[in-house]
2 protein chains.
Amino acid sequence: MSDTGAGSGGSGESLLFLTDEQLRKGIEAMFFAYRGFTADPDRILQKHGYGRAHHRAVHFIHRTPGTTVNNLLSVLGVTKQSLNRVLRTLIEDGLVESRVGQRDKRERHLYLTLAGEALEQALSDAQRARMRAAYRTAGPQAVSGFRQVLEAMMDPEMRRHFAATRDGDQ
Amino acid sequence: MSDTGAGSGGSGESLLFLTDEQLRKGIEAMFFAYRGFTADPDRILQKHGYGRAHHRAVHFIHRTPGTTVNNLLSVLGVTKQSLNRVLRTLIEDGLVESRVGQRDKRERHLYLTLAGEALEQALSDAQRARMRAAYRTAGPQAVSGFRQVLEAMMDPEMRRHFAATRDGDQ
DNA sequence: GATTTTATGTCAGTCTTGTTGACTTTCCAA
DNA sequence: TTGGAAAGTCAACAAGACTGACATAAAATC
């Protein structure tokens, strides 16, 4: 999946003249778009007294129910102290359940409670709505390119985490 | 899960069948890619004792020399107090020069010094290198789509800021 | 069985960067 | 000329990242 998506073979395709100006526009596009990308969930989170860190935790626990703390750490790329602060509040608030592992009792497996799923739903609905609108505006061709460039921009380890889940559209 | 995004009928272009799963992948792609996007500058900044906020200020002052603090505020989307702390250190360290406005003496016009330009160069070189590599990997078709989706994802006000500068590739 | 490693959690302290509130200087308009 | 608005600064606080040290329990290894 990480091999060049250029695919269609022609060597003429590699004649990509990228001026610094074009690259700068790409950089600013990432900056401005990421703000839009987080704006809707941020508003919802604020009402609950949570931050982006909580969103990320909830998102990835939803994506991979039963994931361990260590797993989550490597996906999120933060320290355990940092994650722990977030998880503690989520557990106290009854959004996340932490179950001792059966095979390995040192591990804690994380699950969203019904309340946790409800918050995840609200957050991801908002984010998906924006993503869907952007996709619709840009069209299917653009969606494919969008994903290809983003994947190529990741660090290899992140790309592994990214590719680790089912997909469906490529 | 929630509503599966099906084409709303109508025009041929809207035959975009977007499952929640596909949208979730797009969301995660943004998350992971943004980390890669900021990783290289972050390493450079750390050596200088700066953070991302400094990078953003330096970037936009470079882009629009002579911009006022207020201008910068609306682009960056933070409070003036927050920006001020960053600007103060940059001015103290001799990377940014603040000149009192001629027409309106309340305004401060911001410029990068030679040292400031040097840091900007180092930061944007690193970021452009990654962007260029991603573009090359993904191909020209993908680059166009990437930009289209990102622009569609921005809030309208950010889109204005984004579109406000010269472009070159579209 | 003893030791080491691993997984997790906690406490304390620092740093960046966001926030609000209060203030000064400057401009402009009634 | 006076009062309000705008631009910018200073101070204090909060979220959330970090490091470092330490505790506990379980698994793995010797």
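Quick note on labels: first sequence line is chain A, next is B, and so on, each numbered from 1. Note that these values count all heavy atoms, side chains included, but never hydrogens, waters or copies made by symmetry.
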Rounding to an integer number of Å, can you tell me how far B/H109 NE2 sits from D/dG8 P? 8 Å
Look at the side-chain N and O atoms of A/S82 and state whether any lies under 4.0 Å from the OP1 or OP2 oxygen of D/dC18. yes
Could you tell me how far apart B/L83 (CG) and D/dA11 (P) are, to the nearest whole angstrom? 18 Å
From NZ of A/K105 across to C1' of D/dA25 the rounded distance in Å is 11 Å
Any cation-pi pair here, B/R99 with B/Y111, using under 6.0 Å and within 45°? yes
For the side chain of A/R52 and the base of D/dG16, is some donor closer than 3.5 Å to an acceptor across the two? no
Does B/E107 make a side-chain donor-acceptor contact with the base of D/dG8, cut-off 3.5 Å? no
Within a reach of under 6.0 Å around CD of A/Q81, are more than 12 heavy atoms found that belong to other residues, nucleotides or ligands? yes
Could you please name the option among D/dC18, D/dG8, C/dT17 that lies closest to any side-chain atom of B/N70? D/dG8
Does OP1 or OP2 of C/dT19 have a side-chain N or O of B/T79 closer than 4.0 Å? yes
Ignoring the backbone of B/N84, work out which of C/dT17, D/dC10, C/dG9 is nearest its side chain. D/dC10
Provide, to the nearest angstrom, the distance between the NE2 atom belonging to B/H55 and the P atom belonging to C/dT16. 17 Å
Under 4.0 Å, counting only non-hydrogen atoms across every strand here, what does B/R88 touch: a base, just sugar-phosphate, or nothing? sugar-phosphate
Relative to the 5' end of DNA chain C, which residue comes earlier, B/G101 or A/T68, by the nucleotide with the nearest heavy atom? A/T68
Nearest to side-chain heavy atoms of B/R56, which nucleotide of C/dG18, D/dG8, D/dG16: C/dG18
Taking atom types as they are modelled, is there a donor-acceptor pair under 3.5 Å from the base of D/dA7 to the side chain of B/R108? no
To the nearest Å, how far apart are B/L87 CG and C/dT16 P? 16 Å
Once hydrogens and angles are ignored, does a donor-acceptor distance under 3.5 Å link the base of C/dT8 to the side chain of A/K80? yes
Does any donor-acceptor pair link the side chain of B/Q81 with the base of C/dG21 at a separation under 3.5 Å? yes
Do A/D93 and A/Y50 have side-chain heavy atoms sitting under 4.5 Å apart? yes
Report the distance from atom CG of B/L90 to atom P of D/dT9, rounded to the nearest whole Å. 13 Å
Could you check whether the side chain of A/R106 and the base of C/dT6 have a donor-acceptor pair of N or O atoms closer than 3.5 Å, going by distance alone? yes
Indicate whether OP1 or OP2 belonging to D/dA15 is found under 4.0 Å from a side-chain N or O atom of A/H54. no
Check whether any side-chain heavy atom of A/Q121 lies under 4.5 Å from a side-chain heavy atom of A/H62, and answer yes or no. no
